[in-house]
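Okay, so here's the structure we're looking at.
Residue numbers begin at 1 in each chain, while the letters A, B, ... track the order of the sequences. Keep in mind that this is a model prediction, so the values were computed, not measured.
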Amino acid sequence: MPELPEVETIRRVLADKISGRRIVRISVCLHRAAASRLSRTLRSQGAALRKNVHGRRIMGIRRRAKYLLVDLDEGVLLFHLGMTGQLFAARGGQVHDRLPSLPDKHTHLILYLSGGLQLYFRDIRKFGRVCLLARGQERRVFQGLGPEPFSKAFTPAVLQQGLKGKKASVKSLLLGQKIVAGLGNIYADEALYRAGIAPQTPGGRVWPEKITVLHTAVRAVLRQAIRFRGTSLSDYYDPESRQGQFQDRLRVYGRQGDPCRQCGTSVLKAVVAGRGTHWCPACQRQHGGKAG
DNA sequence: CTCGGCCTGCTC
DNA sequence: GAGCAGGCCGAG
């Protein structure tokens with residue numbers, strides 16, 4: 001579910017709510033654990049989590065790509081939310097009329113914090129991850145991840161280098177997290193729309209003058225989505241059970257059959273890079289996009 | 001690189 | 001009942 005803007009929103013909300021609190025109790029919930037990554041990690045690491053997280057103080061919370069890092073006075077709790085992961089900072093019970101009372105059968109981890117607050121990790125599809133890292137292990141986890149989109153390391157030259165000579169579609173390259181980290185299926189489509197580049201364009205065929213446009217578009221769409229607290233299409237809620245507002249501002253994602261807001265042409269949807277992909281065939285052209 | 005697998009729930 | 005969903009990983 002969550003891409004960079006949603007994870008960043010979660011980080012900002014959590015920072016104010018949980019920083020400085022102590023973890024006074026931890027509860028790992030293994031329901032029907034199958035072969036999912038989440039079940040396996042909780043099974044193998046559950047005891048270590050209980051032992052090493054109990055009594056720790058939360059010093060702060062960071063984000064890298066779509067990962068959340070909760071800094072403890074000893075160690076780092078790493079979360080990845082997969083497709084349906086959610087974090088709620090609440091005092092239990094009903095947090096939203098469209099959500100079940102917490103904890104429910106999809107709640108896999110509860111951190112009881114000082115001051116009577118709880119942090120619930122919920123994940124219906126169990127594609128998420130939680131683990132405890134010793135300081136210094138981050139490097140290994142994040143190796144292979146490209147630069148943060150808002151960092152100085154992400155430049156048009158870096159983007160150009162990443163696309164150069166590639167036969168794979170520009171969309172698959174943006175989803176790959178290697179050229180730049182944090183884009184997922186929604187924001188890859190939205191960035192390509194804003195840049196006027198068809199998603200199936202081979203990376204190496206994106207016109208050089210379009211590279212800067214795409215670089216700007218990636219940053220702009222992510223920045224705007226953060227400002228609107230993310231996209232809530234079905235089950236994204238922030239830790240205060242608030243939905244995002246960016247779904248009202250999507251130009252192509254989920255708008256197949258609807259008119260393009262720029263030119264009125266029907267927005268198309270097809271599978272590109274193995275994912276449902278949305279674009280305007282008039283505003284987004286292959287081999288670089290529309291003129292102007 | 002692309003594909004299938006990992007999960008559950010929702011829509012057609 | 002089939003197909004689809006905001007992500008990643010391992011296999012090919």
Side-chain angles (χ1 to χ4, degrees), chain A residues 1-10 30-43 63-68 78-87 98-100 104-108 121-131 140-146 162-179 181-191 199-205 221-222 225-226 228-238 243-247 249-250 252-257 269-278:
Chain A
M1 149 196 359
E3 305 180 32
L4 185 149
E6 291 76 34
V7 178
E8 176 61 19
T9 303
I10 292 169
L30 287 168
H31 307 278
R32 215 165 277 243
S36 73
R37 189 171 313 278
L38 181 61
S39 303
R40 282 197 308 258
T41 27
L42 283 179
R43 188 171 293 280
R63 179 190 58 74
R64 172 75 170 101
K66 304 172 194 174
Y67 292 86
L68 276 174
L78 177 79
F79 288 92
H80 192 287
L81 302 179
M83 289 278 251
T84 53
Q86 300 167 323
L87 284 166
R98 293 186 56 193
L99 288 168
D104 70 334
K105 64 174 175 175
H106 298 300
T107 304
H108 307 295
F121 173 55
R122 187 170 181 265
D123 184 1
I124 293 178
R125 290 174 71 184
K126 300 181 199 166
F127 292 170
R129 280 163 68 180
V130 202
C131 63
R140 183 178 51 78
V141 175
F142 297 134
Q143 74 171 355
L145 265 188
L163 298 177
K164 197 172 92 180
K166 295 293 199 314
K167 269 167 60 183
S169 64
V170 60
K171 165 135 179 183
S172 73
L173 294 166
L174 289 180
L175 288 178
Q177 310 297 301
K178 208 169 153 52
I179 303 176
L183 289 169
N185 206 30
I186 295 179
Y187 299 111
D189 282 4
E190 293 294 313
Q200 46 283 89
T201 308
R205 293 276 191 81
V221 74
L222 293 175
I226 293 170
F228 286 96
R229 309 172 58 91
T231 301
S232 291
L233 289 176
S234 57
D235 46 17
Y236 167 67
Y237 294 86
D238 76 15
Q243 293 183 292
Q245 296 301 317
F246 198 69
Q247 59 277 14
R249 286 164 180 83
L250 297 174
V252 285
Y253 190 91
R255 296 193 65 245
Q256 60 272 22
K269 179 179 181 185
V271 174
V272 177
R275 311 293 299 275
T277 297
H278 315 71

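- Within the 4.0 Å cut-off from OP1 or OP2 of B:dC10, not a single side-chain nitrogen or oxygen of A:S234 is found.
- Here the P atom of nucleotide B:dC1 and the CG atom of A:L163 are 11 Å apart, to the nearest Å.
- Distance noted for atom C1' between C:dG6 and B:dC1: 23 Å (whole Å).
- Side-chain atoms of A:R43 and A:R40, non-hydrogen and from C-beta on, never get closer than 4.5 Å to each other.
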- Given the rule in the side-chain hydrogen bond (donor to acceptor under 3.5 Å, both in side chains) test, do A:E6 and A:Y187 qualify, once you have shown the distances and angles that lead to the verdict? CA-CA 11 Å; A:E6 291 76 34; A:Y187 299 111; 2.6 Å; yes
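- Contacts of A:K269 with the nucleic acid, taken as non-hydrogen atoms under 4.0 Å apart, involve only primed sugar atoms and P, OP1 or OP2.
- Ring planes of A:Y253 and A:H278: tilted class, angle from 30 to 60°.
- When heavy atoms are screened at a 4.0 angstrom cut-off, A:F246 is found touching no nucleic acid atom at all.
- A donor-acceptor contact shorter than 3.5 Å links the side chain of A:E3 to the backbone of A:I186.
- Taking atom CZ of residue A:R275 and atom P of nucleotide B:dC3, one finds them 13 Å apart after rounding to whole Å.
- Close to B:dC1, at under 4.0 Å from its OP1 or OP2, lies no side-chain N or O of A:K167.
- Toward the 5′ end of DNA chain C lies the nearest nucleotide of A:E6, the other residue of the pair A:E6 and A:V141 mapping further downstream.
- In this structure, A:R98 places its CZ atom 10 Å from P of B:dC10, rounding to the nearest Å.
- Read 5' to 3', the first and last nucleotides of DNA chain C with an atom closer than 4.0 Å to a heavy atom of chain A are C:dA5 to C:dC9.
- For A:D189 (side chain) and A:V252 (main-chain N/O), no donor-acceptor pair under 3.5 Å exists by modelled atom type.
- In this model, a donor atom of one side chain and an acceptor atom of the other lie less than 3.5 Å apart for A:R122 and A:Q86.
- Nucleic acid contact for A:T84: none, since no nucleic acid atom lies under 4.0 Å from a heavy atom of the residue.
- Helical stems of DNA chain B (runs of at least 3 Watson-Crick or G-U pairs, donor-acceptor distances under 3.5 Å) are listed by first residue: B:1-6 with C:7-12, B:8-12 with C:1-5.
- In this structure, A:I124 reaches the sugar-phosphate backbone alone: every heavy-atom distance under 4.0 Å involves primed, P, OP1 or OP2 atoms, never a base.
- Between the NE2 atom of A:H108 and the C1' atom of B:dC6 there is a distance of 13 Å, rounded to whole Å.
- Within the nucleic acid shown, A:D235 comes within 4.0 Å of at least one base atom, counting heavy atoms only.
- Inter-residue side-chain proximity for A:F121 and A:L38 is flagged as met; some heavy-atom pair is nearer than 4.5 Å.
- Under the 4.5 Å side-chain criterion, counting only non-hydrogen atoms from C-beta, A:F246 is in contact with A:V221.
- Among the protein residues, A:Y187 comes within range of no part of the nucleic acid, since none of its heavy atoms lies under 4.0 Å from any strand.
- Within the 4.0 angstrom heavy-atom criterion, only backbone atoms of the sugar-phosphate kind lie near A:L173; the bases stay farther away.
- Using a 4.5 Å heavy-atom threshold, the side chains of A:L222 and A:L183 count as touching.
- Counting only distance, with no hydrogens or angles, the side chain of A:H108 and the backbone of A:D123 share a donor-acceptor pair below 3.5 Å.
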